[in-house]
Amino acid sequence: YSTAVAENNHLTARPASRAAARKGVKPAAIPERAGEPSFIEHVVFIIKENRTYDQVFGDMPEGNGDPSLVMFGEDVTPNQHRLARQFVLYDNFYATGGNSGDGHQWLTQANETDYCLWPGYLGRSYPFDGTDPIAYSATGFIWDAALRMKKTVRVYGEYAGRLSEPVELRARLFERWRKGEDFTREWNITAPLKPLNRILARNYPPYTNSVPDVVRARIFLADVERWRREGSMPNFVILQLPCNHTFGTSPGLSSPAAMVADNDYALGMIVEKLTHSKFWPKMAIFVVEDDAQNGVDHVDGHRTVALAISPYVRRGHIDSTFYAQQSMLKTIELILGLPTLSLFDMIATDMRASFQEEPELRPYTAVKPEQDLLERNPELKALRGQAREAAKRSARFRWDVPDAAPSRELNRILWHSIKGWETPYPGVRQAVFAPMEVEAEEDEEEEIEPTGGSGRSRRR
């Protein structure tokens, strides 16, 4: 796997070859060849953070899930569950990368350069945000391909750098959101990738979990309303919703379940607005995690949550085809008539098995999670034993950069905070992909493990 990626870098000096579009072909939801007509004219690509299939969908009896591994079930993620049931459930979809540093590469370039291969980026940068030119594939990003094909594009947050906002800001923004405040003039972002600024939503915050995703949704929905008034929507929209990354159990900050619920509700409101818009009859919405963080899953730690939402999606369908992130990119390329970006999306299986040729225009209605969006982690003085140690460790992690918190330790903290400290951590399943993950520096390579009822924890 790693060798194939590394060897592919010289192949991406130009787009991989593809069969030429045929003339006179009838439109289809997913054309056989890029450049052939599609019923779909608008694609919205939503990128979220770090969840496995079983963590979210393990409680869905319709798919291949393990209910014992569910951490953010239907009470926390009702919109993702409802969308999977009303449209299509993918129970065999995988994240190719192991962390944000390569996950975002795969989702926007269908490749990762040598530099981004573990452990290539250690010591220079963590290239998830567009700040390091060594990290880009020679063929560029999928929005570059769209612009070359004369498509209109709008990017919200993706590769737009990051915000080092104080973590305490999150609670204040939530209160303002509850009061119905407008956030469209709150931020003015300049992306480190200069060409991206031509298509960037400057008022939409890039990576930071200090800004709730429902705030991001309100900013985006203001643009959807403007498109309605103007009668025109971009062909390709990329939107980042990162708050399901969580703050771990940092004392006094939003709880993991509250942050995942915030992310879910934002997604639900966005989909509701889009499906009630005049653009819905010719739209497809794709949702995916940037990576699964090698979390708990009974199939593989890279199996992740993915959604496809469109009038042309087969309603109530279960698609167990083996897909990876490149499959989603390839499907988008076929819809919009874009060239392949690398060998990997060229040979990937597209997702046409989930689509049909006759549209079903029934829109989606969002539901507010039962989980309290304002729930906070207990303060340190209220905790004892392993829970206290986990909170102290969470407070020491950097949260302004994704994956600065060591993934193995954070996975354990999240598991025990939800399942209880007496519930054994199930370990990591590696049956499909070899994991690549960022770990702590040498002096912080500590993992908290339960030791029974003593209230003590041990390091290793």
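Note that these values count all heavy atoms, side chains included, but never hydrogens, waters or copies made by symmetry.
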4.5 Å side-chain heavy-atom contact, [X] and [Y]:
{"X": "Asp91", "Y": "Ile318", "answer": "yes"}
{"X": "His104", "Y": "Tyr159", "answer": "yes"}
{"X": "Ile309", "Y": "Leu83", "answer": "yes"}
{"X": "Met283", "Y": "Leu274", "answer": "yes"}
{"X": "Asn244", "Y": "Asn50", "answer": "no"}
{"X": "Val88", "Y": "Arg314", "answer": "no"}
{"X": "Ser210", "Y": "Phe247", "answer": "yes"}
{"X": "Met351", "Y": "Tyr90", "answer": "yes"}

* side chain to side chain contact (heavy atoms under 4.5 Å, CB included) between Leu307 and Leu267: does it pass, once the steps are laid out? -> CA-CA 11 Å; Leu307 297 165; Leu267 174 65; 4.1 Å; yes

Can a salt bridge be assigned to the pair [X] and [Y] using a cut-off of 4.0 Å between side-chain N and carboxylate O?
{"X": "Arg172", "Y": "Glu175", "result": "no"}
{"X": "Lys48", "Y": "Glu289", "result": "yes"}
{"X": "Arg303", "Y": "Asp54", "result": "yes"}
{"X": "Asp350", "Y": "Lys330", "result": "no"}
{"X": "Asp223", "Y": "Arg226", "result": "yes"}
{"X": "Asp297", "Y": "Arg51", "result": "no"}

Taking all atoms of both residues into account, what is the closest heavy-atom pair of [X] and [Y], and its distance?
{"X": "Pro31", "Y": "Pro37", "result": "CG-O, 3.5 Å"}
{"X": "Gly161", "Y": "Pro192", "result": "N-CD, 3.6 Å"}
{"X": "Glu32", "Y": "Leu334", "result": "O-CD2, 3.9 Å"}
{"X": "Cys243", "Y": "Asn209", "result": "CA-OD1, 3.3 Å"}
{"X": "Pro369", "Y": "Ala261", "result": "CG-O, 3.7 Å"}
{"X": "Pro363", "Y": "Thr275", "result": "CB-O, 3.4 Å"}

Test item: side-chain donor near acceptor, [X] and [Y], under 3.5 Å:
{"X": "Thr249", "Y": "Ser394", "value": "yes"}
{"X": "Ser137", "Y": "Gln109", "value": "yes"}
{"X": "Glu112", "Y": "Trp106", "value": "yes"}
{"X": "Asp319", "Y": "Tyr323", "value": "yes"}
{"X": "Ser320", "Y": "Asn92", "value": "no"}
{"X": "Ser254", "Y": "Arg170", "value": "yes"}
{"X": "Thr340", "Y": "Asp345", "value": "no"}
{"X": "Trp399", "Y": "Ser250", "value": "yes"}
{"X": "Asp264", "Y": "Gln80", "value": "yes"}
{"X": "Tyr265", "Y": "Gln371", "value": "no"}
{"X": "Arg162", "Y": "Ser164", "value": "yes"}

* Asked: So which pairs with a foot in residues 34-44 pass salt bridge (Lys or Arg N to Asp or Glu O under 4.0 Å), sequence neighbours left out?
  ->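 Residue pairs with at least one partner in residues 34-44: Arg22-Glu36, Glu41-Lys282.
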
* To do: Sort and list the pairs that fulfil salt bridge (Lys or Arg N to Asp or Glu O under 4.0 Å) and have at least one residue in residues 186-199, not counting sequence neighbours.
  =>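 Sorted pair list: Arg176-Glu186.
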
* To do: Step by step, work out the side chain to side chain contact (heavy atoms under 4.5 Å, CB included) result for Val153 and Val155.
  => CA-CA 7 Å; Val153 183; Val155 176; 4.2 Å; yes

* Chi angles and distances behind the side chain to side chain contact (heavy atoms under 4.5 Å, CB included) call for Phe322, Phe93 -> CA-CA 6 Å; Phe322 179 92; Phe93 190 106; over 6 Å; no

* To do: For Phe183, check ring-ring contact (aromatic ring centres under 6.0 Å, His included) against everything at least two apart and list the hits.
  =>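 ring-ring contact (aromatic ring centres under 6.0 Å, His included) list for Phe183, sorted by chain: empty.
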
* Please, which pairs that meet ring pair (Phe, Tyr, Trp, His ring centres under 6.0 Å) have at least one residue in residues 185-207, sequence neighbours excluded? ->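 The answer is Phe128-Tyr207, Tyr156-Tyr204.
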
* Pairs involving residues 34-63, ordered by first then second residue, that meet ring pair (Phe, Tyr, Trp, His ring centres under 6.0 Å) (sequence neighbours left out) ->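 Every ring pair (Phe, Tyr, Trp, His ring centres under 6.0 Å) pair that includes a residue of residues 34-63, provided the two are not neighbours, is Phe39-Tyr312, His42-Phe279, Tyr53-Phe57, Phe57-His81.
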
Side chains of residues 69-76: which donor-acceptor pairs under 3.5 Å do they make with residues two or more places apart or in other chains?
{"residue": "Glu74", "atom": "OE1", "partner": "Arg85", "partner atom": "NH1", "Å": "3.2"}
{"residue": "Glu74", "atom": "OE2", "partner": "Arg85", "partner atom": "NH1", "Å": "2.9"}

* Where does the angle between the aromatic ring planes of Phe174 and Trp177 fall among parallel (under 30°), tilted (30 to 60°) and perpendicular (over 60°)? ->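 Judged by the thresholds at 30° and 60°, the geometry between Phe174 and Trp177 is perpendicular.
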
Nearest 0.5 Å please: distance from the [atom1] atom of [X] over to the [atom2] atom of [Y].
{"X": "His317", "Y": "Glu62", "atom1": "NE2", "atom2": "CD", "value": "13.0 Å"}
{"X": "Thr52", "Y": "Gln293", "atom1": "OG1", "atom2": "CD", "value": "11.0 Å"}
{"X": "Thr96", "Y": "Gln105", "atom1": "OG1", "atom2": "CD", "value": "12.5 Å"}
{"X": "Asp300", "Y": "Asn294", "atom1": "CG", "atom2": "CG", "value": "7.5 Å"}
{"X": "Ser38", "Y": "Ile30", "atom1": "OG", "atom2": "CD1", "value": "6.0 Å"}
{"X": "Met328", "Y": "Ile142", "atom1": "CE", "atom2": "CD1", "value": "11.0 Å"}

Should the heavy atoms of other residues, nucleotides or ligands under 6.0 Å from [atom1] of [X] be counted, would the total exceed 12?
{"X": "Arg178", "atom1": "CZ", "answer": "no"}
{"X": "Glu358", "atom1": "CD", "answer": "no"}
{"X": "Arg376", "atom1": "CZ", "answer": "no"}

* To do: Could you tell me whether the side chain of Trp227 and the main chain of Pro234 form a donor-acceptor pair under 3.5 Å?
  =>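 Pair absent, no side-chain N/O of Trp227 close to backbone of Pro234.
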
* Asked: Any donor-acceptor pair under 3.5 Å linking the side chain of Glu158 with the backbone of Ile238?
  ->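 Absent.
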
* To do: Evaluate side chain to side chain contact (heavy atoms under 4.5 Å, CB included) for Glu375 paired with Ser255, printing each intermediate quantity in order.
  => CA-CA 6 Å; Glu375 180 184 68; Ser255 72; 2.6 Å; yes

* Show the numbers, then the answer: is there a salt bridge (charged side-chain N to carboxylate O under 4.0 Å, His left out) between Glu225 and Lys273? => CA-CA 9 Å; Glu225 181 60 24; Lys273 183 74 171 182; 3.1 Å; yes

